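See below for the structure under consideration.
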Number of protein chains: 2
Amino acid sequence: MKPTVHDIASEAGVSLATVDRVLNGRPGVRAPTRERVLAAIQKLGFVRDVAAANLAKGRVYPLVFIVPANDNSFMAALRGEIAAAGMRGAQERTAISILTVPAFDIPALVRALDAARAEKPAGVAVVAIDAEPVREAVARLAADGIPVVTLVSDLPDSARSHFAGIDNEAAGRTAGSLMGRFLDGRRGAIGIIVGSLDVRDHRERLDGFRAAISAPYPDLSLLSPLEGRDEPERVHQMVSRLLAEEPELLGLYSLGAGNRGLIRALEERRPARPIRVIAHELTPHTRGALETGLIDTVLNQDAGHEVRSAIRVLKARADGQPVIAAQERIRIDIFLKDNLP
Amino acid sequence: MKPTVHDIASEAGVSLATVDRVLNGRPGVRAPTRERVLAAIQKLGFVRDVAAANLAKGRVYPLVFIVPANDNSFMAALRGEIAAAGMRGAQERTAISILTVPAFDIPALVRALDAARAEKPAGVAVVAIDAEPVREAVARLAADGIPVVTLVSDLPDSARSHFAGIDNEAAGRTAGSLMGRFLDGRRGAIGIIVGSLDVRDHRERLDGFRAAISAPYPDLSLLSPLEGRDEPERVHQMVSRLLAEEPELLGLYSLGAGNRGLIRALEERRPARPIRVIAHELTPHTRGALETGLIDTVLNQDAGHEVRSAIRVLKARADGQPVIAAQERIRIDIFLKDNLP
DNA sequence: CTGTTAGCGCGTTCAC
DNA sequence: GTGAACGCGCTAACAG
């Protein structure tokens with residue numbers, strides 16, 4: 001039979017309360033007593049039953065998620081996943097609230113962070129914008145002892161305690177590596193559509209893509225990136241013009257959102273000369289385009305995984321427990337029309 | 001506050017025990033009483049706390065895993081994942097035992113299934129061989145009320161209640177789809193290495209690959225598959241000869257195991273004309289080959305996911321609870337050197 | 001500093 | 001048929 005706290009207590013000759021204090025690293029135990037308990041734990045190979053602990057604790061973790069009110073499918077999916085996590089809140093002892101802020105709006109984001117801080121939650125998850133005022137707002141939360149994790153887009157050199165998202169530089173390299181293989185041996189140009197170079201994930205993807213193409217494939221030239229602001233309408237206009245004006249175009253890399261516009265532009269002028277297209281985020285739109293062959297490959301970050309990871313990390317940090325980084329790595333998924341989930 | 005059995009009891013005007021009987025579908029409750037309880041559950045939106053239930057039950061699930069004693073990295077990893085799940089057994093209330101059987105040995109597999117049956121476990125997971133005697137042994141387990149899930153390799157038209165593995169036909173199509181894009185516009189031959197055409201997953205992968213190449217890429221011809229028996233030595237010989245004798249070779253698809261041999265052959269005669277190589281299963285060997293550029297792409301099934309999924313399904317079936325199929329889908333991972341985990 | 005005690009939400013004997 | 005009471009493994013007051 002699996003040992004319990006009772007076994008530890010009698011083995012160490014102390015009471016349950018003392019065992020509990022040692023287990024949870026709380027004060028009020030003399031060093032020698034603690035040693036005895038630790039020895040008993042070692043000897044009996046005790047592993048605490050987390051479910052029972054949670055049951056007894058009955059603690060709830062108020063968590064605030066701050067996400068942009070963006071009109072693209074990925075952000076909608078992200079908000080959906082957060083809402084879904086909220087529904088499960090009862091079972092996971094979390095109380096999740098969502099704050100939506102205008103996209104790419106630094107002052108609004110700062111206000112939201114300060115508003116979250118006023119509620120004194122157990123933790124905050126935020127889709128960050130890479131700017132100094134945001135860094136300062138995060139520092140204020142950290143100063144209050146409220147852990148912050150960045151979601152999807154990171155904020156390096158800040159007080160955030162974790163980033164729940166993919167390695168965007170690697171994602172860009174992956175896209176470049178694939179595009180290079182697709183176009184190997186050909187000579188021509190590749191168009192790039194970004195959302196905004198103010199957000200860190202887009203900048204990093206661009207860097208990675210460039211690195212993977214420039215050196216190994218000198219015959220492929222990269223056009224300067226078009227900023228679509230993640231807005232379908234704007235992306236549509238830019239891509240339409242690009243398709244019309246650039247006859248040498250061999251490939252297209254869309255590293256932001258708003259792919260609805262990209263797909264419409266491709267549909268409207270399906271060029272005689274086929275174009276290889278790589279985009280990000282598996283949404284109903286990109287999935288459809290994969291199936292019809294308009295898009296070749298979609299790189300994806302699983303919004304559900306990111307949200308659940310953020311919650312796990314926040315709860316762990318709120319309890320002062322360590323996080324196994326490797327276990328919280330978000331992978332870069334690659335989808336063709338053939339391996340769609 | 002989340003409703004508990006107490007709330008249900010008082011709402012329905014009955015005792016805790018009665019609520020419990022209704023919840024677990026046990027006899028000893030008159031129909032009208034049951035209705036009242038059900039109504040209360042509906043009204044309050046009660047969801048039972050599974051953790052607390054397990055705590056009270058103290059039930060453990062004895063599970064038997066039957067896997068081939070194969071010498072390749074994938075099977076080794078699979079066995080490792082099962083062992084790891086066994087370590088977590090205490091926390092997850094499972095008691096996992098592993099039975100290893102000689103590879104491709106039908107009578108031995110049947111004996112193992114019957115041995116498992118004698119232990120009366122809560123469930124059995126098995127890497128199946130597609131043969132009639134195996135089907136019969138599975139039927140015997142099912143007749144005893146012991147749920148069986150197939151792992152990695154399926155056994156269709158049998159009494160197995162679930163398959164924890166990837167869609168191998170889709171995996172083959174994915175490989176073909178990638179290979180086609182890599183070699184688009186070129187004219188030449190593609191070599192195929194299989195383990196054995198007697199095993200179901202390999203046959204399905206081959207079919208998928210052929211379907212994805214033949215029609216869309218008429219300029220690419222497929223050589224007849226070489227049977228490497230998943231043995232590195234044999235694969236090495238076959239690939240070496242192929243590389244020497246087939247000057248037109250543009251690509252190589254290795255859909256079985258024994259990739260150690262493939263990689264050695266490629267290393268020994270790195271051809272001036274580059275060859276596109278796609279293989280299955282991310283192992284230390286294929287990972288290394290991805291990093292050095294010897295292999296372009298690896299398709300992977302996550303052994304850890306498969307094992308954990310099998311356990312979840314087995315526990316659910318043992319409790320007579322339904323399984324959300326979509327949630328247990330094992331995805332086909334695609335790895336380039338750039339998105340390695 | 002340490003021990004006692006009363007639950008957390010649920011399952012399960014036993015009586016009634 | 002139905003209900004009261006105890007316990008699963010752990011935490012958290014409250015005493016001492």
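Note on naming: letters A, B, ... go to the chains in the order of the sequence lines (proteins, then strands), and numbering restarts at 1 for each one. All values below were derived from every heavy atom in this structure, side-chain atoms included, with hydrogens, water molecules and symmetry-related copies excluded. Just so we're clear, the structure is a prediction, and the values are computed from it rather than from any experiment.
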Value in whole Å for how far the [atom2] atom of [N] lies from [atom1] of [X]:
{"X": "Leu44(B)", "N": "dG9(C)", "atom1": "CG", "atom2": "P", "value": "14 Å"}
{"X": "Asp20(A)", "N": "dG7(C)", "atom1": "CG", "atom2": "P", "value": "17 Å"}
{"X": "Arg59(B)", "N": "dC10(C)", "atom1": "CZ", "atom2": "C1'", "value": "16 Å"}
{"X": "Asp7(B)", "N": "dC8(C)", "atom1": "CG", "atom2": "C1'", "value": "13 Å"}

Determine: side-chain N/O of [X] to OP1/OP2 of [N], distance under 4.0 Å, yes or no.
{"X": "Thr18(A)", "N": "dT2(C)", "result": "no"}
{"X": "Thr33(A)", "N": "dT2(C)", "result": "yes"}
{"X": "Arg26(B)", "N": "dT12(C)", "result": "yes"}
{"X": "Arg30(B)", "N": "dT2(D)", "result": "yes"}

Only pairs at least two apart or in different chains count here, so list each side chain to side chain donor-acceptor pair (under 3.5 Å) that has a residue in residues 76-85 of chain A.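 Applying side chain to side chain donor-acceptor pair (under 3.5 Å) to every pair that reaches into residues 76-85 of chain A, excluding sequence neighbours, yields nothing.
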Output every pair passing side chain to side chain donor-acceptor pair (under 3.5 Å) with a member in residues 307-318 of chain A, not counting sequence neighbours, ordered by first then second residue.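 Non-adjacent pairs meeting side chain to side chain donor-acceptor pair (under 3.5 Å): Ser309(A)-Glu328(A), Arg312(A)-Glu328(A).
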Show me the protein contacts with nucleotides 6-9 of chain D, counting only N or O atoms at under 3.5 Å.
from: dC8(D); atom 1: O2; to: Leu55(B); atom 2: O; distance (Å): 3.4
from: dC8(D); atom 1: O2; to: Ala56(B); atom 2: N; distance (Å): 3.2
from: dG9(D); atom 1: N2; to: Ala52(A); atom 2: O; distance (Å): 3.4

Can you pull out every salt bridge (charged side-chain N to carboxylate O under 4.0 Å, His left out) where at least one residue sits in residues 156-165 of chain A? Sequence neighbours excluded, please.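 Listed once each, the pairs are Asp154(A)-Arg160(A).
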Taking only distance into account, with no hydrogens and no angle test, what donor-acceptor pairs under 3.5 Å do side-chain atoms of residues 55-69 of chain B form with protein atoms, sequence neighbours excluded?
from: Arg59(B); atom 1: NH1; to: Asp319(B); atom 2: OD1; distance (Å): 2.7
from: Tyr61(B); atom 1: OH; to: Asp319(B); atom 2: OD1; distance (Å): 3.3
from: Tyr61(B); atom 1: OH; to: Asp319(B); atom 2: OD2; distance (Å): 2.6

Can you pull out how bent the helix from dC1(C)-dG16(D) to dC16(C)-dG1(D) is, comparing the axes over its first five and last five pairs, to 10°?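 Inter-axis angle at the termini of the helix from dC1(C)-dG16(D) to dC16(C)-dG1(D): 40°.
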Which residue lies more 5' along DNA chain D, comparing Gly13(B) with Leu23(A) via nearest heavy atoms: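 Going by which nucleotide is closer to the 5' end, it is Gly13(B).
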Can you list everything that forms a salt bridge (charged side-chain N to carboxylate O under 4.0 Å, His left out) with Arg329(B)? Sequence neighbours excluded, please.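 Partners of Arg329(B) by the salt bridge (charged side-chain N to carboxylate O under 4.0 Å, His left out) criterion come out as none, since no residue qualifies.
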Looking at residues at least two apart in the chain, or sitting in another chain, which of them share a side chain to side chain donor-acceptor pair (under 3.5 Å) with Arg30(B)?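 Not a single residue meets the side chain to side chain donor-acceptor pair (under 3.5 Å) criterion with Arg30(B).
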Set of side chain to side chain donor-acceptor pair (under 3.5 Å) partners for Glu306(A), sequence neighbours left out: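 Not a single residue meets the side chain to side chain donor-acceptor pair (under 3.5 Å) criterion with Glu306(A).
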With a 3.5 Å distance limit and no angle check, can you tell me whether Arg36(B) reaches the backbone of Ala12(B) through a side-chain donor-acceptor pair?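 Between the backbone of Ala12(B) and the side chain of Arg36(B) there is a qualifying donor-acceptor contact (under 3.5 Å).
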N/O donor to acceptor pairs below 3.5 angstrom from side-chain atoms of residues 136-149 of chain B, sequence neighbours left out:
from: Arg140(B); atom 1: NE; to: Asp114(B); atom 2: OD1; distance (Å): 3.1
from: Arg140(B); atom 1: NH2; to: Asp114(B); atom 2: OD1; distance (Å): 3.3
from: Arg140(B); atom 1: NH2; to: Asp114(B); atom 2: OD2; distance (Å): 3.1
from: Asp144(B); atom 1: OD2; to: Arg117(B); atom 2: NE; distance (Å): 2.9

Kindly give the atom pairs (protein nitrogen or oxygen, nucleotide nitrogen or oxygen) under 3.5 Å for nucleotides 13-16 of chain D.
none

Using side-chain contact (heavy atoms from CB on, under 4.5 Å) as the criterion, list what pairs up with Arg331(A), not counting sequence neighbours.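 Arg331(A) satisfies side-chain contact (heavy atoms from CB on, under 4.5 Å) with Asp333(A), Asp302(B), Asp333(B), Phe335(B) only.
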Over all strands shown, is Asn24(A) touching base, sugar-phosphate only, or nothing at heavy-atom distances under 4.0 angstrom?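 Touches sugar-phosphate only.
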Within the 4.0 Å heavy-atom criterion, would you say Val19(A) contacts the bases, only the backbone, or no part of the nucleic acid?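 Nothing, no nucleic acid heavy atom in range.
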Pair Lys2(A) + Asp7(A), salt bridge at N-O below 4.0 Å: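 Not counted as a salt bridge, because no side-chain N and carboxylate O are separated by less than 4.0 Å.
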